[in-house]
Amino acid sequence: MSASAPGTRHVRHHFADADADNAPVDDETGEGGSRSHDGTLCETDKACIVTISSTSGRIVQIDSAGSASAVIAAVSAAKATAAASGCSLSVLRAAVAIPGLVDMHTHGLTGDGDGCADVVEAWAVPEPSLARLAAAGTTSVVPSLTFPTHRWDATCAALCALARAAGEGRGAGEASKAGVGDLAEAGDSVRAGDLAEAGDSVRAGDLAEAGDSVRAGDLAEAGDSVRAGDSVRAGIGKAERSWMGARVLGVHAEGPVVADAGGLPDPGKRAWARESAAAVERVLDAAEEAGIAVKVMTIAPSADAVSGYAGIAAMVKRGVVPALGHDRSAQWDQVIGALEAAAPSRCHLTHVFNVQTFHHRLPSLGNLALMRSLPPSLAHVPMPTAEAVGDGLHLHPTVMHALATIRPPTSLAWISDSILTPSAVGDHAYCGRRVAIGSVPGCSTPAVVLASGDTDAAPVIAGSCSALLDTVRLLVNELGIALDDAVRTCATTPADIVGADHVGRLAVGAMGDVLLLDADLALIAVIMGGVLVPASG
Ligand SMILES: CC(=O)N[C@@H]1[C@@H](O)[C@H](O)[C@@H](COP(=O)(O)O)O[C@@H]1O
């Protein structure tokens, strides 16, 4: 991942090495501008223009990235015209368009009154979190279930609820790749019904005028175009109610074979110690029965070593990515043993540095996280991918910078590890203990911390209250990471790790999930499957 000097204007330095692509955009025609190297990121020198049909309420064009409806059909620099689409158009204008972000490790964005007694069970009531995540720009998720055998009934309820969420609605995710076609169909059924209403409200809202004023204006007038979008959004929100949520790509089971619970209550019952394969199978069977795929499963190398890595072998056999983590005692030979047990399949590293160790003489998982490649003696082992919490608190920004500059963007995924929405007030139960949004000395970023009642005790971090777009901004605006790399590591790479190549990119055939951002990377609009997501979720 490349970095620019902190403080450099982020929207510009994306083009630092892409002069040939950096032709200015003609404000009237929208021609010119640039498209990023592989379609991951669409950006023009002056503006990105998204054109929405007032008839269907759908995107017909992302300027310089081609048309995007439910599925992105083409990538081209040509600008759509009303004549080409055969309908009147609304135009949203932004500095940057990026793919919807993909969070491969979130415990939800629970708010007050969401109806879950303990946030460890949040995914049993997934709709509020999925809606908030989508509205915040995270359009695809891999929900994480903490220590899944700890509260077995809650785990089974969450698996069933997530399977339902993955299979229905606009935000329908897909537990399998076969979902691409299904999603287009789901989009059609939505379009056929409620979006006509959205189209009506758009027509009523003087779109032609809005489009004209946007075309004539500059970025300062983006607000006007957004207001035009709001009329679309209002119609859609009304039509689709709460079910514009993030796509569910499958599940991350964070355990059960863990050595270290971190700041959470220890789930106890180490019955799996010599039967890690059985413990793994039990969770995978439950997920299969519920109808959702476990894509990733965290396992502690030091725990699985006891059974000769039978847990990892069971995961690989069933197509699950083994994620090494929740292990502060893993020795280097156990770490390597785990990688070898998975080979030729690739391992992943769970929230690197958190609930892991780094030591300059006694290497463990944290040391592996900071390697760019494996030595020749391990040529038979695929280099593991890694995820890291990008809220700026779980890892100090300097450590985020180290990861972002050492690891190639194809092997690093930023995650939120979120639990509560930032607006949640008061205490919530987490694994039976009280948590609240709080702070850690020396860090201005809030997090979800265990409420100890002891004001002198060091706060214990339980998770974050951030969303991935916060991470994109932190990486680009404060750490000087190229926007293209920030987007890859918050969208494309996490999607690739879980085998979801239809999301996390602006590319032909990918879902039309697009975020429109202003020059400071503030969110202007979220589009899922070619349709504006209600701002409030
Ligand atoms: C679900 C989960 O695993 N959450 C962990 C939490 O347990 C740990 O306390 C925190 C900080 O870890 P650290 O103190 O090792 O940096 O990271 C993650 O939020």
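Read the numbers this way: they start at 1 and go in the same order the structure lists the ligands and their atoms.
- Atom numbering of ligand 1 starts at 1 in the shown order; those under 4.0 Å from a heavy atom of Arg328 are 13 (P), 14 (O), 15 (O).
- Residue His107 approaches ligand 1 through these ligand atoms, each under 4.0 Å from one of its heavy atoms: 1 (C).
- His394 has its ring centre no less than 6.0 Å from the ring centre of His396.
- Using a 3.5 Å distance cut-off with no hydrogens or angles, the side chains of Ser416 and Asp103 do pair a donor with an acceptor.
- Only the side chain of Asp417 comes within 4.0 Å of ligand 1, counting heavy atoms alone; its backbone N, CA, C and O stay farther away.
- Cation-pi geometry between Arg282 and Trp152 is met: under 6.0 angstrom from the ring centre, within 45 degrees of the axis.
- Under a 4.0 Å heavy-atom criterion, Ala261 is in contact with ligand 1.
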query = For Thr493 and Leu412, what are the C-alpha separation, side-chain angles and deciding distance, and is it a side chain to side chain contact (heavy atoms under 4.5 Å, CB included)?
reply = CA-CA 7 Å; Thr493 301; Leu412 176 64; 5.8 Å; no
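- Polar contact with ligand 1: present for Asn354 (N/O pair, distance under 3.5 Å).
- The existence of a salt bridge linking Asp513 and Arg505 is excluded, since no basic side-chain nitrogen approaches an acidic carboxylate oxygen closer than 4.0 Å.
- Close contacts between ligand 1 and Leu264 involve ligand atoms 1 (C), 2 (C), 7 (O) [criterion: under 4.0 Å to a heavy atom].
- A side-chain hydrogen bond (donor to acceptor under 3.5 Å, both in side chains) with Thr298 is found for one member of Glu254, His252, His326 and no other, namely His252.
- Checked by distance only, ligand 1 and His394 come closer than 3.5 Å through their nitrogen or oxygen atoms.
- The minimum heavy-atom distance between Ile481 and Ala404, with the atom names listed, is CD1-CB, 3.8 Å.
- Contact atoms of ligand 1 toward Gly463: 19 (O) (distance under 4.0 Å to a heavy atom of the residue).
- Closest non-hydrogen pair, Gly263 versus Arg433, comes out as O-NH2, 3.6 Å.
- If you look at Ala462 next to ligand 1, the close heavy atoms, those under 4.0 Å, all belong to the backbone.
- When all heavy atoms are compared, the tightest approach of Asp518 to Val96 is O-CG2, 4.4 Å.
- Under a 4.0 Å criterion applied to the non-hydrogen atoms of Gly263, ligand 1 contributes the atoms 6 (C), 7 (O), 8 (C), 9 (O).
- Heavy-atom contacts of Ile461 reach the following atoms of ligand 1: 6 (C), 8 (C), 9 (O), 10 (C) (cutoff under 4.0 Å).
- By the 4.0 Å heavy-atom criterion, Gln356 is excluded from the residues contacting ligand 1.
- Considering backbone and side-chain atoms alike, Val460 places every N or O at 3.5 Å or more from each N or O of ligand 1.
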